[in-house]
Number of protein chains: 2
Amino acid sequence: MKVNFESLIDELKNKKIRLSHQRLKVLEYLTTNYNHPTADQIYNGLHDEVPTLSKTTVYNTLSSLLDAGLIRAINIEDNEVRYDINTHDHGHFKCESCKNIYDFNIDIDLFEADQLSGFEINDKNVFFKGTCRSCIADGKE
Amino acid sequence: MKVNFESLIDELKNKKIRLSHQRLKVLEYLTTNYNHPTADQIYNGLHDEVPTLSKTTVYNTLSSLLDAGLIRAINIEDNEVRYDINTHDHGHFKCESCKNIYDFNIDIDLFEADQLSGFEINDKNVFFKGTCRSCIADGKE
DNA sequence: TTGTTACTTTGTAATCATTACAACTTGATG
DNA sequence: CATCAAGTTGTAATGATTACAAAGTAACAA
């Protein structure tokens with residue numbers, strides 16, 4: 001999944017969100033490091049380049065990007081939130097050995113649960129856990 | 001979804017997990033209050049009946065029940081884990097207005113993502129967010 | 001029934017991600 | 001380039017969860 005940095009900036013302008021230096025750097029980080037990072041990883045990853053960056057700003061920025069719908073939050077473990085620049089519907093697989101998160105395509109509309117008729121659905125999430133192919137090959141399962 | 005308390009006890013015995021008073025009370029609470037409670041709700045709900053119960057015990061108990069596969073953890077929000085006595089595959093819908101969690105049936109095997117071939121999948125989760133029917137009827141959406 | 005022992009429980013303190021807050025700074029608009 | 005609402009920063013607070021060590025108890029055997 002390739003995400004265009006320029007089009008993200010256009011979206012920020014459309015939504016009247018200021019293009020602050022810090023915000024652009026966080027967005028750039030997310031488009032460059034497409035590995036579903038945590039807030040802490042973003043903070044550490046940008047620290048050399050933007051020494052004045054504070055962790056509060058990372059959280060604030062992620063919060064406004066979430067509100068604007070430019071990114072999505074992934075809650076798989078209870079002790080970490082990961083952020084995804086890919087806002088298209090897709091599933092996540094977390095390897096319990098190497099901890100990596102893999103994307104996979106799903107047709108999420110296959111779930112037309114009649115039990116939810118009359119419900120308004122804003123957000124659909126699918127995630128699996130297990131052991132990824134390369135960890136199995138390495139005998140780490 | 002009806003869960004049989006007796007069969008849960010048999011499972012504990014099979015898995016050599018001691019039937020302590022506290023553990024049985026937590027299990028009983030989960031079978032009686034089938035509303036996906038948090039650890040805190042379980043603790044408060046049992047406090048009158050088991051005044052000596054500590055919150056650490058609730059966490060310890062939930063942890064061993066999870067390990068034994070008798071319950072499942074639900075991570076929808078980043079700031080709360082909910083526990084589910086129903087370990088069969090099913091989806092969860094969280095209403096962002098009334099905060100209730102609804103179950104719905106899904107055929108989770110519809111997801112045979114070829115991208116995950118060679119992966120070992122241990123756990124499949126599906127959750128939606130939105131507004132439930134009764135909150136929509138009450139104009140709370 | 002009792003003794004033994006390993007497993008459990010408990011309360012307190014620590015941890016760690018996230019949020020609140022108030023002073024300072026800056027992007028956008030005219 | 002002046003203005004000011006919005007953004008940033010550091011510190012302190014919050015709140016769920018975990019670590020730990022002392023005290024208690026379930027399970028098993030004799």
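Residue numbering restarts at 1 for every chain, and letters A, B, ... go by the order of the sequence lines.
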Residue whose closest nucleotide on DNA chain D lies nearer the 5' end, N79(B) versus I17(A) |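 Checking each residue's closest nucleotide, the 5'-ward one belongs to I17(A).
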
Atom pair distance, as rounded to whole Å: [atom1] in [X] and [atom2] in [N]:
| X | N | atom1 | atom2 | result |
| --- | --- | --- | --- | --- |
| D67(B) | dT18(D) | CG | C1' | 15 Å |
| E77(A) | dT17(D) | CD | C1' | 14 Å |
| L62(B) | dT17(D) | CG | P | 9 Å |
| L65(A) | dT8(D) | CG | P | 10 Å |
| L12(B) | dA27(D) | CG | C1' | 14 Å |
| K16(A) | dA6(D) | NZ | P | 13 Å |

Please find the earliest and latest nucleotides of DNA chain C, in the 5' to 3' direction, that have an atom within less than 4.0 Å of any heavy atom of chain A.
->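 With heavy atoms of chain A under 4.0 Å away, the range is dA17(C) to dA28(C).
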
Looking at [Y], is its backbone amide N or carbonyl O close enough to the side chain of [X] to form a donor-acceptor pair, meaning the two atoms are under 3.5 Å apart?
| X | Y | result |
| --- | --- | --- |
| N33(A) | N35(A) | no |
| T57(A) | L53(A) | no |
| Q115(A) | N105(B) | yes |
| Q41(B) | T38(B) | yes |

Report which part of the nucleic acid N60(B) touches: base, sugar-phosphate, or nothing (heavy-atom distance under 4.0 Å, all strands).
->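 Contact class for N60(B): base.
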
Does the side chain of I42(B) come within less than 4.5 Å of K25(B)'s, by heavy atoms?
->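 The answer is no; the side chains never approach within 4.5 Å.
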
Return the residues of residues 42-59 of chain A meeting this criterion: a heavy atom under 4.0 Å from some atom of DNA chain D. Order them by number, or give none.
->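 Only T52(A), L53(A), S54(A), T56(A), T57(A) qualify.
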
Atom pair CG (N125(A)) and CD1 (I74(A)), whose distance is rounded to the nearest 0.5 Å =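 One finds 9.0 Å between CG of N125(A) and CD1 of I74(A).
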
Roughly how far, to the nearest 0.5 Å, is CG of L116(A) from CZ of R133(B)?
->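 Reported to 0.5 Å precision, the distance equals 8.5 Å.
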
Linked, directly or transitively: I76(A) and I121(B) (ILVMFWY side chains, under 4.5 Å) |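 Looking at the clustering, I121(B) is in a separate group from I76(A).
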
Between the side chains of N44(B) and D40(B), is a donor N or O closer than 3.5 angstrom to an acceptor N or O?
->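 The answer is yes; a qualifying pair exists.
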
Plane angle bin for Y34(A) and H36(A) - parallel if under 30°, tilted between 30 and 60°, otherwise perpendicular =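 H36(A) and Y34(A): tilted rings.
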
Centroid separation F128(B) to F104(B) less than 6.0 Å |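 When the ring centroids of F128(B) and F104(B) are compared, they turn out to be within the sub-6.0 Å range.
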
Nucleotides 2-5 of chain D: which of its N/O atoms have a protein N/O under 3.5 Å away?
{"from": "dA5(D)", "atom 1": "N3", "to": "R18(A)", "atom 2": "NH2", "distance (Å)": "2.9"}

